[in-house]
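See structure below.
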Amino acid sequence: MAASGLPENSTHALEKLRGLLGSDNLEPDGKLPTERALSEMFGVSRRAIRRALEVLEAEGRIWRRQGSGTYAGQRPDEWSQHVGSLIAGTNLMEIMEVRLRVEPQLAQLAAMRAKPDDIDRMYELTKKIFTSGDADSRELWDGALHRLIAQSAGNQFFLTIFDVINHVRQDEAWQTIRELARSINRTRPVTYAQHVAIIDAIAARDPIRAAEAMRQHLLVLQESLIRITSLDAQHPEKELAEELK
């Protein structure tokens with residue numbers, strides 16, 4: 001028995017909490033009762049409740065907000081709540097400036113830390129980007145490749161910074177501009193070769209070459225974006241639409 005007089009049965013608490021999560025008895029926002037209330041509800045100690053909640057949190061069944069409480073489901077993507085304000089407060093050129101300073105360093109670290117399976121996956125993603133027949137697919141696989149390189153760098157703080165950048169560049173309007181830049185400037189074959197060069201350097205465990213290959217790749221994209229957004233770009237809307245077909 002716990003000091004509170006209630007049995008300290010974490011297994012029982014976990015079973016009851018699972019039942020609660022599968023029921024319709026939660027508040028509309030998914031908030032769970034307090035630990036004290038759960039303890040009284042299930043007839044177990046608060047310590048048992050706390051342990052059971054830790055298990056459920058590790059499983060992704062619940063999440064906690066400091067000063068607010070415990071909620072059912074997976075933790076919401078907090079960055080997505082701020083993407084609108086991030087987009088409104090920046091522009092494509094600012095994003096490219098940040099990418100040019102962050103992603104070469106990530107490629108450099110990936111050359112030192114990437115696992116063989118990660119490198120194999122990078123090559124697969126590069127092929128998917130090149131063979132994709134539509135803009136949405138190309139954006140999907142391109143984002144997946146760049147994130148895998150970032151993840152392979154083995155630095156969680158760097159990865160968090162990358163994810164912030166990636167969330168902003170996933171805005172639909174910006175995706176359209178990037179795809180127009182790729183199409184009008186005919187960069188797809190060049191992009192494929194550059195992606196391969198980056199991965200070859202990572203596979204060769206050559207950090208300096210990997211960083212430079214990534215830098216050159218992003219410079220080409222930056223140049224394309226400058227051309228499509230400059231006053232010199234004289235492409236009527238209908239012609240731009242045709243370019244994407």
Quick check: closest heavy atoms across [X] and [Y], and the distance to 0.1 Å?
X	Y	answer
Ala13	Ala48	CB-O, 3.9 Å
Ala210	Ala111	CB-CB, 4.1 Å
Ala107	Ile149	CA-CG2, 3.9 Å
Met122	Ala114	CE-CB, 4.3 Å
Glu54	Arg64	N-NH2, 3.4 Å
Met41	Pro33	CE-CG, 3.9 Å

Between atom [atom1] of [X] and atom [atom2] of [Y], what is the distance when rounded to the nearest 0.5 Å?
X	Y	atom1	atom2	answer
Leu106	Ile161	CG	CD1	8.5 Å
Leu218	Gln222	CG	CD	8.5 Å
Asp118	Ile202	CG	CD1	9.5 Å
Arg46	Glu40	CZ	CD	9.0 Å
Arg47	Ser39	CZ	OG	13.0 Å
His217	Arg99	NE2	CZ	6.5 Å

Over 12 non-hydrogen atoms of neighbours within 6.0 angstrom of CD1 in Ile208: no
Arg205, CZ atom: more than 12 neighbouring heavy atoms under 6.0 Å: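 Count over threshold, so yes.
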Less than 4.5 Å apart, side chain to side chain, heavy atoms only: is that true for [X] and [Y]?
X	Y	value
Tyr123	Asp200	yes
Leu32	Leu21	yes
Leu14	Arg51	no
His146	His195	yes
Asp142	Ser132	no
Phe158	Val102	yes
Leu56	Arg18	yes
Gln105	Asn155	no

Taking [Y]'s backbone N and O only, do any of them form a donor-acceptor pair with [X]'s side chain (distance below 3.5 Å, no angle check)?
X	Y	answer
Lys16	Gly43	no
Ser152	Leu148	yes
Thr160	Gln156	yes

Criterion side chain to side chain contact (heavy atoms under 4.5 Å, CB included) on Leu38 and Leu20, from CA distance to verdict: CA-CA 10 Å; Leu38 289 170; Leu20 177 62; 3.8 Å; yes
Leu145 and Ile199: CA distance, side-chain angles, deciding distance, side chain to side chain contact (heavy atoms under 4.5 Å, CB included) verdict: CA-CA 10 Å; Leu145 171 62; Ile199 303 166; 4.2 Å; yes
For Arg61, all residues meeting salt bridge (Lys or Arg N to Asp or Glu O under 4.0 Å), sequence neighbours excluded: none
Under the side chain to side chain contact (heavy atoms under 4.5 Å, CB included) test, residues paired with Arg101 that sit two or more places apart: Glu97
Test side chain to side chain contact (heavy atoms under 4.5 Å, CB included) applied to Leu17 and Phe42, step by step: CA-CA 9 Å; Leu17 282 168; Phe42 300 143; 3.8 Å; yes
Ring geometry between Trp63 and Tyr71 (parallel below 30°, tilted from 30 to 60°, perpendicular above 60°): parallel
Glu212/Arg209 salt bridge by N-O under 4.0 Å criterion: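 Result for this pair is no, no salt bridge flagged.
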Worked verdict on Met96 versus Glu223 for side chain to side chain contact (heavy atoms under 4.5 Å, CB included): CA-CA 10 Å; Met96 288 308 304; Glu223 181 182 354; over 6 Å; no
